[in-house]
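Structure first, commentary second.
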Amino acid sequence: MNILSIETSCDETAISIMKVSGGIKKPSFSILANNVSSQIDIHKEFGGVFPAVAKREHTKAIFPLTIKTLKEAKIYSENKKIIPLDKKVCKKIREICSHEQELAESLIEILPTIKKPKIDYIAITTGPGLEPALWVGINFAKAIALAFDIPLIPTNHMEGHVLSSLFKEKKVAKGFGVQTLNKVSFPALAVLISGGHTELVIMRDFLKYKKIGQTRDDAIGEAFDKVARILDIPYPGGPEISKLAKEHRKSGLNDEINFPRPMIHSQDFDFSFSGLKTAVLYYSQKVDKTKDEIKKAIARAFEDAATDVIVHKTYKAVVKYKITTVVVGGGVAANTHIKEKLTEKLKPLKTNILFPRKDLSTDNALMIGIAGYFQSLKNKKGANLNKVRANGNWSL
Ligand code: KG4
Ligand code: ZN
């Protein structure tokens with residue numbers, strides 16, 4: 001079956017079309033088209049993701065990007081005879097997209113020119129994420145689901161991040177033919193480390209998740225970004241902090257700064273990164289942070305502290321729950337230091353550990369396509385459009 005998937009939970013408008021089969025036990029897929037339109041350059045000016053700007057940019061990008069994706073997937077064709085949409089459908093589209101009026105009008109004008117594409121399901125990220133950003137994708141997906149009469153599958157962003165580590169190395173591209181996913185043995189542990197989340201989630205099986213820990217304040221990626229801002233590094237600062245930390249380690253200098261490792265010895269699996277960020281702030285006020293060497297030392301000490309906490313808590317959860325596979329997801333999964341330290345620590349336990357490839361660690365629509373496929377297997381008819389809304393819950 002063909003799945004069109006749409007992701008707008010933060011600052012990427014992402015659309016993909018996959019041909020999927022095999023069920024939950026042996027899923028296989030081919031990528032017909034995959035596009036991401038990033039807003040990072042726009043948000044850079046604000047030093048972070050600004051929800052109203054994210055909403056505006058998603059609203060501009062989503063329909064043209066969908067048409068481009070349909071064309072690339074070769075399932076786009078134009079109607080020879082244009083029959084305007086039924087009046088009731090127009091009214092409903094205007095209602096659904098009442099906060100995106102321009103989008104509603106362009107849908108009403110352009111949809112009658114497009115033949116119903118060969119799509120079996122539309123998978124849409126409904127949360128968690130920035131609400132104004134999520135709603136653009138949700139409303140757009142509802143409108144096209146209604147106009148083309150295609151079932152809509154609400155899909156969880158975090159479940160997407162879990163599944164993104166199952167895509168095999170290198171082969172995640174259009175034109176690679178039929179691909180399969182990495183195998184997972186259960187119980188598995190998902191370590192979700194992104195700009196919005198820091199969570200440990202036990203997976204007894206696909207679609208069976210239980211959150212055992214989460215951050216009580218800042219997410220780890222948010223801490224990376226805030227530390228970057230303290231050091232006058234533009235958003236998103238995670239990759240640059242990591243680069244500076246690496247240079248410091250390479251230079252052979254000692255790790256003379258010792259930042260706190262919040263909650264590292266707490267009995268639970270929760271995290272806290274706000275105190276660590278504050279420690280960086282206080283330290284940087286006492287030194288000349290414009291000096292390259294000092295910047296590097298701070299970046300390294302921060303990354304070491306954040307890494308220690310993630311590695312320690314993951315290890316503890318793996319032992320306690322007799323985990324056989326660890327899957328790491330989210331933007332911070334691209335961090336090479338965390339990758340190395342986590343792999344090293346879990347080695348004696350012989351736990352299988354999977355990381356997403358770099359382009360799939362950040363937000364994308366392929367992960368939503370696979371998550372949507374799994375969900376569609378238990379929800380064949382799709383959701384009642386009137387009931388689809390932004391929804392941050394995900395512990396299932
Ligand atoms: O998953 P993602 O694209 O968006 C959310 O769902 O939050 O994650 C973005 C986050 C940003 O905070 C960014 O700074 C961080 O991932 N990030 C990194 C690295 N690459 C991206 N953090 C540390 N090291 C990296 N190499
Ligand atoms: Zn994400």
Side-chain angles (χ1 to χ4, degrees), residues 5-14 36-40 43-44 46-51 54 58 125-131 133-134 137 155-165 190-199 201 214-215 218-231 233-247 249 271 273-274 276-277 280 299-300 302-307 309-311 327-342 355-368 370-371 392 394:
S5 52
I6 303 172
E7 153 66 42
T8 66
S9 70
C10 192
D11 55 354
E12 334 270 1
T13 318
V36 182
S37 162
S38 177
Q39 306 170 0
I40 283 185
H43 293 293
K44 258 187 187 153
F46 300 92
V49 181
F50 203 68
H58 285 306
T125 303
T126 51
L130 290 176
E131 282 221 5
L134 284 166
T155 305
N156 188 285
H157 184 78
M158 302 316 287
E159 185 169 24
H161 275 307
V162 169
L163 298 174
S164 65
S165 64
V191 178
L192 299 171
I193 43 178
S194 72
H197 292 84
T198 310
E199 293 180 354
V201 178
Q214 62 190 325
T215 182
D218 292 352
I220 183 169
E222 195 179 349
F224 266 93
D225 295 337
K226 284 180 176 168
V227 167
R229 205 182 312 167
I230 294 170
L231 300 179
I233 294 163
Y235 171 85
E240 183 64 20
I241 290 287
S242 178
K243 197 175 133 222
L244 294 176
K246 196 178 194 172
E247 282 169 17
R249 274 182 214 107
F271 300 91
F273 289 101
S274 138
L276 170 57
K277 167 209 69 193
V280 174
R300 185 231 182 123
F302 163 75
E303 192 179 63
D304 282 347
T307 304
V309 183
I310 295 291
V311 170
V327 294
V328 189
V332 185
N335 183 288
T336 42
H337 188 62
I338 295 180
K339 233 184 230 181
E340 281 168 21
K341 290 287 165 189
L342 209 49
F355 292 92
R357 43 174 290 175
K358 223 167 182 171
D359 56 327
L360 295 183
S361 64
T362 45
D363 295 346
N364 63 87
L366 292 177
M367 67 182 197
I368 301 304
I370 291 290
W394 104 280

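First listed ligand is number 1; within each ligand, the first listed atom is number 1.
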Exercise for the section: Report yes or no: does a heavy atom of H157 sit under 4.0 Å from some atom of ligand 1? Expected result: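 A heavy atom of H157 does come that close to ligand 1.
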
Practice task
Decide whether the shortest distance between a heavy atom of C10 and an atom of ligand 1 is less than 4.0 Å.
Solution key: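 In this structure, C10 fails to qualify as a contact of ligand 1 - no heavy atom is under 4.0 Å.
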
Please tell me if the side chains of [X] and [Y] come closer than 4.5 Å, counting only heavy atoms from C-beta onward.
{"X": "E303", "Y": "R249", "result": "yes"}
{"X": "E222", "Y": "T215", "result": "no"}
{"X": "N335", "Y": "I193", "result": "no"}

Exercise for the section: Return yes if a side-chain donor-acceptor contact under 3.5 Å exists between T8 and H58, otherwise no. Expected result: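 T8 vs H58: no donor-acceptor pair found between side chains.
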
Problem - N, O or S atom of H161 closer to the Zn ion (ligand 2) than 2.8 Å - result: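 Within the cut-off used here (under 2.8 Å), H161 does place an N, O or S atom near the Zn ion (ligand 2).
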
Exercise for the section: Check whether any N, O or S atom of H157, backbone or side chain, sits closer than 2.8 Å to the Zn ion (ligand 2). Expected result: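 A backbone or side-chain N, O or S atom of H157 is under 2.8 Å from the Zn ion (ligand 2).
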
Problem - Residue selection (non-hydrogen contact nearest atom 19 (C) of ligand 1) among G330, S9, P239 - result: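 Going through G330, S9, P239 one by one, P239 has the nearest heavy atom to atom 19 (C) of ligand 1.
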
Exercise for the section: Counting heavy atoms only, name the option from T307, D363, I241, V49 that's nearest to atom 6 (O) of ligand 1. Expected result: D363

Counting non-hydrogen protein atoms only, what is the nearest one to [atom]? Give residue, atom name and distance.
{"atom": "atom 22 (N) of ligand 1", "answer": "G238 CA, 3.5 Å"}
{"atom": "atom 15 (C) of ligand 1", "answer": "V332 CG2, 3.9 Å"}
{"atom": "atom 21 (C) of ligand 1", "answer": "G331 O, 3.4 Å"}

Exercise for the section: Specify which N/O/S atom of D363 comes nearest to the Zn ion (ligand 2), by atom name. Expected result: OD1

Nearest-0.5 Å distance, [atom1] of residue [X] to [atom2] of residue [Y]:
{"X": "I6", "Y": "T155", "atom1": "CD1", "atom2": "OG1", "value": "10.0 Å"}
{"X": "L130", "Y": "C10", "atom1": "CG", "atom2": "SG", "value": "5.0 Å"}
{"X": "E7", "Y": "E12", "atom1": "CD", "atom2": "CD", "value": "8.0 Å"}

Handout entry: Single hit among D363, T126, T125 for side chain to side chain donor-acceptor pair (under 3.5 Å) with H157
Key =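 Answer to the side chain to side chain donor-acceptor pair (under 3.5 Å) test with H157 among D363, T126, T125: D363.
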
If the cut-off is 4.0 Å to any non-hydrogen atom of [X], which atoms of ligand 1 fall inside it?
{"X": "H161", "answer": "1 (O), 6 (O)"}
{"X": "G221", "answer": "12 (O)"}
{"X": "G195", "answer": "5 (C), 7 (O), 8 (O), 9 (C), 10 (C), 12 (O)"}
{"X": "G196", "answer": "7 (O)"}

Handout entry: salt_bridge(D225, R229) N-O dist < 4.0 Å
Key =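 Salt bridge absent between D225 and R229.
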
Problem - Min N/O separation D225 to ligand 1 under 3.5 Å - result: yes

Exercise for the section: Output yes when the distance from some N or O of ligand 1 to some N or O of N335 is under 3.5 Å, and no in every other case. Expected result: yes

Practice task
Mark yes or no for whether S164, through its side chain, and M367, through its backbone, hold a donor-acceptor pair below 3.5 Å.
Solution key: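 Pair absent, no side-chain N/O of S164 close to backbone of M367.
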
